[in-house]
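Worksheet: the structure to be examined is printed underneath.
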Amino acid sequence: MDFQLSDDQRALRSGMRGLLDAVFDRDRLRAAVERGGTLDRSLWRELGAAGFFALRLPEEAGGVGLGLPEAVLLFEEAGRALLPGPLVATHLAAGLVKGAAEGEAVVTAVDGELPVAHLAEADAVLVGADALVGEPLRAYVAAARPVRSMDPLTPLHRVAGRTERTAATEAYSGALHYEGALLTAAEQLGSAARTTETAVQHAGAREQFGSPIGSFQAVKHLCADMLARTEPARAAVYAAAVTGDPVEIAAAKLLADEAAVRNARDCLQIHGGMGFTWEADVHLHLKRAWLRSAARLGGAAAEELLAAGLGAARPDPGSSAAPGRGAPEAGGGG
């Protein structure tokens, strides 16, 4: 099986990168930070017009008719650009919530007991397989209170006294739950790749003692480690997009979360003191990576799913663990 991107997929990724460079450059990123993460509805509509949200809807339903592998490429670019907003929820709500596919509606989602992102601006909230709109949505928003978010681009609200319908529920049900986790992993992958590029560029330009700091072995190792985390995560995310297997998605989420968080930390290290300043963008990647790592198959949930999948795997008949070869029984450990 060939896992190389096709020419059409490369063109799709390049087109999305070009679009985001045009409509969400650094000036617009910093403007979004200054206004506290309030969504730009015109940007949301531009994404809708480009097919970002309707990418996987059938053509007869007004969509583009592509699949999960192509969606992963777009979300990787969104993560690379630090594009704000409930992108995953709105993408998954296309065809379910009126206006979501076209970018006319902003859709967020309940994710267990976590605070809800962009709730004040949402036109709908996904709860399991349903969507709150109209009066139920207004009542839900009225019961929420804002909480401080570590990411200035992601305002959060916590709902006290949730109803039985909304308490302790997954953001999505069935396959959508895992697709949401995979698209979040793709965003993490894009962030990990971007911080790697940023670190390498800075290491080549910044000089100390008359030499670029990238010539120092310690900095070389940091950059190499960043790449060594990004590329396995990329392979895992792309493969999970092809198979759609929940266990592979859990593994991809774990690898992408680690790459996004640790790469942002290493990028900060390479930038030195200036990396911690408000004017630098590196800290924005770290804060967003922290938020995403807790959402949609967060660490413990992904580890449990992966462990259960590995435990359910049947041993190779030729291995020493196969039945009849004296393999120890599971469980009952001291």
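Keep in mind that this is a model prediction, so the values were computed, not measured. Every heavy atom of this structure was used, including side-chain atoms; hydrogens, water molecules and symmetry mates were not.
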Using a strict cut-off of less than 4.0 Å between a Lys/Arg side-chain nitrogen and an Asp/Glu carboxylate oxygen, indicate whether Asp225 and Arg229 qualify as a salt bridge.
-> no
Leu222-Phe209 co-clustered via ILVMFWY side chain contacts under 4.5 Å | yes
If you draw a 6.0 Å radius around CD in Gln217, do more than 12 non-hydrogen atoms from other residues or ligands fall strictly inside?
-> no
Test item: Asp111 side-chain N/O and Ala295 main-chain N/O as donor-acceptor pair under 3.5 Å = no
Report yes if the side chains of Leu73 and Met16 come closer than 4.5 Å at any heavy-atom pair, otherwise no.
-> no
Evaluate the criterion side chain to side chain contact (heavy atoms under 4.5 Å, CB included) for residue pair Glu187 and Val88; output intermediate values, then yes/no.
-> CA-CA 9 Å; Glu187 290 182 292; Val88 172; 3.6 Å; yes
Check: Thr195/His285 side-chain N/O donor and acceptor closer than 3.5 Å | no
Check: Glu77 and Leu83 side chains under 4.5 Å, non-hydrogen atoms = no
Cationic N near anionic O, under 4.0 Å, Arg45 to Glu102 | no
If you round to the nearest 0.5 Å, how far is CD of Gln188 from CZ of Arg288?
-> 9.5 Å
For the pair Glu104 and Arg41, evaluate salt bridge (Lys or Arg N to Asp or Glu O under 4.0 Å) and give the outcome as yes or no after the intermediate values.
-> CA-CA 8 Å; Glu104 296 294 335; Arg41 290 277 182 157; over 6 Å; no
Short side-chain to backbone donor-acceptor contact, Glu121 and His118, under 3.5 Å | no
All side chain to side chain contact (heavy atoms under 4.5 Å, CB included) counterparts of Ala240, not counting sequence neighbours = Leu182, Glu248, Ile249, Ala252
If we ignore angles and hydrogens, is there a donor and acceptor under 3.5 Å between the side chains of Asp8 and Ser6?
-> no
Distance (rounded to the nearest 0.5 Å) between Thr196 OG1 and Gln201 CD | 11.0 Å
Would you call Asp123 and Val97 a side-chain contact if the rule is heavy atoms closer than 4.5 Å?
-> no
Would you mind reporting whether Leu57 and Val64 have side-chain heavy atoms less than 4.5 Å apart?
-> no
Rounded to the nearest 0.5 Å, the CZ atom of Arg28 sits from the CG atom of Leu82 at a distance of 16.0 Å
Taking all non-hydrogen atoms of both residues into account, name the closest pair between Gly204 and Pro212 and its distance.
-> O-CB, 3.8 Å
Out of curiosity, Asp21 CG to Arg80 CZ, how far, rounded to the nearest 0.5 Å?
-> 7.0 Å
Pro86 and Val107, any side-chain heavy atoms less than 4.5 Å apart = no
Least distance between heavy atoms, Leu284 atom then Pro152 atom | CD2-CG, 3.6 Å
Looking only at heavy atoms, which two atoms of Ala280 and Arg30 are closest? And how far apart?
-> O-NH1, 3.3 Å
Value rounded to 0.5 Å, distance of OG in Ser215 from CD in Gln208 | 10.5 Å
Carefully, step by step, assess Tyr178 and Asp245 under the rule side chain to side chain contact (heavy atoms under 4.5 Å, CB included).
-> CA-CA 8 Å; Tyr178 298 108; Asp245 180 78; over 6 Å; no
His91: ring pair (Phe, Tyr, Trp, His ring centres under 6.0 Å) partners, not counting sequence neighbours | Phe75
Taking Arg158 for its side chain and Glu113 for its backbone only, find out whether a donor-acceptor pair lies under 3.5 Å.
-> yes
Would you find a donor on one side and an acceptor on the other, under 3.5 Å apart, between the side chain of His202 and the backbone of Thr198?
-> no
Which atom pair, heavy atoms only, marks the closest approach of Leu255 to Ala236?
-> CD1-CB, 3.7 Å
Same cluster (ILVMFWY, side-chain, under 4.5 Å), Phe216 and Ile270 | yes
Please check if Leu156 and Leu87 belong to a single hydrophobic cluster, counting links between Ile, Leu, Val, Met, Phe, Trp and Tyr side chain heavy atoms closer than 4.5 Å.
-> no
Does Trp44 use its side chain to pair, donor to acceptor, with the backbone of Ala105 at less than 3.5 Å?
-> yes
Heavy-atom closest pair (Gly275 atom, Leu268 atom, distance to 0.1 Å) is O-CD2, 2.8 Å
Do Val110 and Tyr140 pass the side chain to side chain contact (heavy atoms under 4.5 Å, CB included) test, and can you show the C-alpha distance, the side-chain angles, and the key distance before you say yes or no?
-> CA-CA 11 Å; Val110 174; Tyr140 189 79; 3.3 Å; yes
Gln9 versus Glu70: any side-chain heavy-atom pair under 4.5 Å?
-> yes
Give a yes or no answer on whether the side chain of Thr108 reaches the backbone of Ala117 with a donor-acceptor pair at less than 3.5 Å.
-> yes
From CZ (Arg56) to CG (Leu92), nearest 0.5 Å = 6.0 Å
Verify same cluster id: Val127, Val133 (apolar side-chain graph, 4.5 Å) | no
Could you walk me through whether His283 and Met150 pass side chain to side chain contact (heavy atoms under 4.5 Å, CB included), step by step?
-> CA-CA 10 Å; His283 69 96; Met150 70 176 72; over 6 Å; no
Kindly determine whether Arg292 and Asp257 satisfy salt bridge (Lys or Arg N to Asp or Glu O under 4.0 Å), including the steps that lead there.
-> CA-CA 8 Å; Arg292 290 196 194 112; Asp257 284 344; over 6 Å; no
When every non-hydrogen atom of Lys220 is compared with those of Gly214, the smallest separation belongs to CG-O, 3.2 Å
Beyond-backbone contact of Leu29 with Leu153, side-chain heavy atoms, under 4.5 angstrom = yes
Sorted by chain and residue number, the side chain to side chain contact (heavy atoms under 4.5 Å, CB included) partners of Arg234 (sequence neighbours excluded) come out as Glu76, Leu189, Ala193, Thr230, Glu231, Tyr238
Shared ILVMFWY cluster between Val261 and Leu114, side chains joined below 4.5 angstrom?
-> no
Distance-only, no hydrogens or angles: does the Arg296 side chain make a donor-acceptor pair with backbone N or O of Lys253 under 3.5 Å?
-> no
Got a donor-acceptor contact below 3.5 angstrom from the Thr154 side chain to the Asp151 backbone?
-> no
Is there a side-chain contact between Leu47 and Leu20 (heavy atoms, below 4.5 Å)?
-> yes
